[in-house]
2 protein chains.
Amino acid sequence: MTGAESIERPYHHGDLRRALIDAALALVTEEQDWSFSLREVARRAGVSHNAPYNHFPEKRDLLGAVAAAGFDALRDRMRAAIARVGSPRAALLACAAAYVKAGVENPALYRLMFGPALAAPAPAVRPSAAKPDSGRPAEARAAGAGAKAVLEEIILRGAERGVFAISATSKSELAVAALSNWSAVHGLTMLAIDSLTGSELAVDTLVNRIMRTLLEGLEPR
Amino acid sequence: MTGAESIERPYHHGDLRRALIDAALALVTEEQDWSFSLREVARRAGVSHNAPYNHFPEKRDLLGAVAAAGFDALRDRMRAAIARVGSPRAALLACAAAYVKAGVENPALYRLMFGPALAAPAPAVRPSAAKPDSGRPAEARAAGAGAKAVLEEIILRGAERGVFAISATSKSELAVAALSNWSAVHGLTMLAIDSLTGSELAVDTLVNRIMRTLLEGLEPR
DNA sequence: CCATAATATGGTCACTGTCAACTTAACGCG
DNA sequence: CGCGTTAAGTTGACAGTGACCATATTATGG
């Protein structure tokens, strides 16, 4: 044990694992796909084809770490977007715009984040052997929760200030409201990736209009 | 040329291509993953390891066909869900519930549908060679549009009857409303897959509450 | 200074995706 | 009828891959 588990301190390379994650992230970004070989990641990092196995038991684990890094970056961008706005409504709009923009800028990374990284191992398929690998997507899951927390904070602030029609003391209402926002932004991002990859202006206006629909509702008032 | 291009008429097998799609779909469902080998799909179909190449140029194309089949099944389930309901609001709820249920029942298939199947080939990466493979995800895209159309019809009906606060003649407003619904349902499905895989009751209640939030809006009225 | 565990390397194996060439079967046609 | 043509499927082959093993090397604790 090194004692400080959070600070990975490889001995020989300097900081492999970070280098591997960076190389894999670069490959995902360049090829817009994660079908590259683990050996190529090792090649980019300048190590032998087996060095990555000292840090990641399987290829999926490396991809999971890349997804976790993507979630962390997404969280940072969301926090930066809401840093200089006051009202919860403006924060929600800015946060959604930053979120969608991040997804559109790197669709493959976004798909990786919500793809196999979060997929839990099928429980019913394995007949008897219950491998303790259930903790594999834990890293990506935790990072995703970190990003989700940004949205939840905005919802909570809005509820406290009375600008959202939910009770700030009802955990259930808060959770539903946060989930509906998270759903809308997440779904919008995936659809934006598919439909309007390129025109950045259209993304902003579309985000604004859809978030307005979400805030004001679909039924006549 | 056989003359009828839409009707695949294999000579030797009866209907390979359909058999391959079925085998691949079964594998996706069983293993909750599409990392299986193309050779295993061929094995399941009882053909040699190279027979699939007569129907799909690459493995991705077979996965795209599986995704398209998944979209068709999703569309059918949505249509069946709204067949016996009257009001647009009830149709929206039933449609969303069916959608989410389908996603939760087969998460891997759902992820495949919105994963690499819809991913367009990166345009800026390929330096010069512009391969004419841009039509690869076309099949899945078209099938996805078919499922999306169900939601759009509900929105249009609601606008016509005046139960939704949008103009039935404004193409733009209709598109935004449909997109916001599609986004919410799609995002909710992905989040439901991650959080509550199993409890089916919770899915229904959560869908109802979130769709109500969407219909009535988040801000006080 | 050594013992130990962590870290990287080279070697190996079954397997994969894809290409090329060959065989089989159905059709069209003089 | 034989003939070529073409689609559909088969066999063989090759480079490359993921994952494992044993081995070598280096940093860290004592």
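Sequence lines set the chain letters: A, B, ... in the order given, protein chains first and strands last, and positions in each chain run from 1.
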Return the value, rounded to whole Å, for the distance between atom CG of A:Leu38 and atom C1' of D:dC20.
13 Å
Please confirm whether any donor atom in the side chain of A:Asn54 sits under 3.5 Å from an acceptor in the base of C:dA8, or the reverse.
yes
Can you tell me the distance, in whole Å, between the CG atom of A:Leu62 and the P atom of D:dG18?
10 Å
In terms of ring plane angle, is the pair A:Tyr110 and A:Tyr99 parallel, tilted or perpendicular, where the classes change at 30° and 60°?
perpendicular
Between A:Arg111 and B:Gly115 (side chain of the first, backbone of the second, donor and acceptor by atom type, cut-off under 3.5 Å), is there such a pair?
yes
Looking at D:dT10, D:dG18, C:dT7, which one has an atom nearest to any side-chain atom of B:Ala51?
D:dT10
Nearest-angstrom distance from the residue atom CD of A:Glu40 to C1' of C:dG17:
16 Å
Measure from NZ or CZ of A:Lys148 to the centre of the six-membered ring of A:Phe71 and say whether it is under 6.0 Å with the direction within 45° of the ring axis.
no
Suppose the criterion is salt bridge (charged side-chain N to carboxylate O under 4.0 Å, His left out): which pairs have a residue in residues 172-188 of chain A, not counting sequence neighbours?
none
Assign B:Ser48 to base, sugar-phosphate, or nothing according to its heavy-atom contacts below 4.0 angstrom with the strands shown.
base
Could you tell me whether B:Asp72 and B:Arg75 have a side-chain N and a carboxylate O separated by less than 4.0 Å?
yes
Of C:dA8, D:dT17, D:dA19, the nucleotide closest to the side chain of A:Arg43 is D:dT17
Starting at atom OH of B:Tyr53, determine the distance to atom P of D:dG12, rounded to an integer number of angstrom.
18 Å
Choosing from D:dG12, D:dC20, D:dG18, which nucleotide comes nearest the side chain of A:Asn50?
D:dC20
Tell me whether the side-chain N or O atoms of A:Arg39 pair up with the base of D:dG16 as donor and acceptor below 3.5 Å, since no angle test is needed here.
no
Would you state whether a donor and an acceptor, one from the side chain of A:His49 and one from the base of C:dG11, lie under 3.5 Å apart?
yes
I need the CG-P distance between A:Asp33 and C:dG17, as an integer number of Å.
14 Å
Could you please name the option among D:dT17, C:dA8, C:dT18 that lies closest to any side-chain atom of B:Lys59?
C:dT18
Would you kindly give the CZ-to-C1' distance between A:Phe36 and D:dG16, to the nearest whole Å?
16 Å
Report the distance from atom CZ of B:Arg17 to atom P of D:dA7, rounded to the nearest whole Å.
16 Å
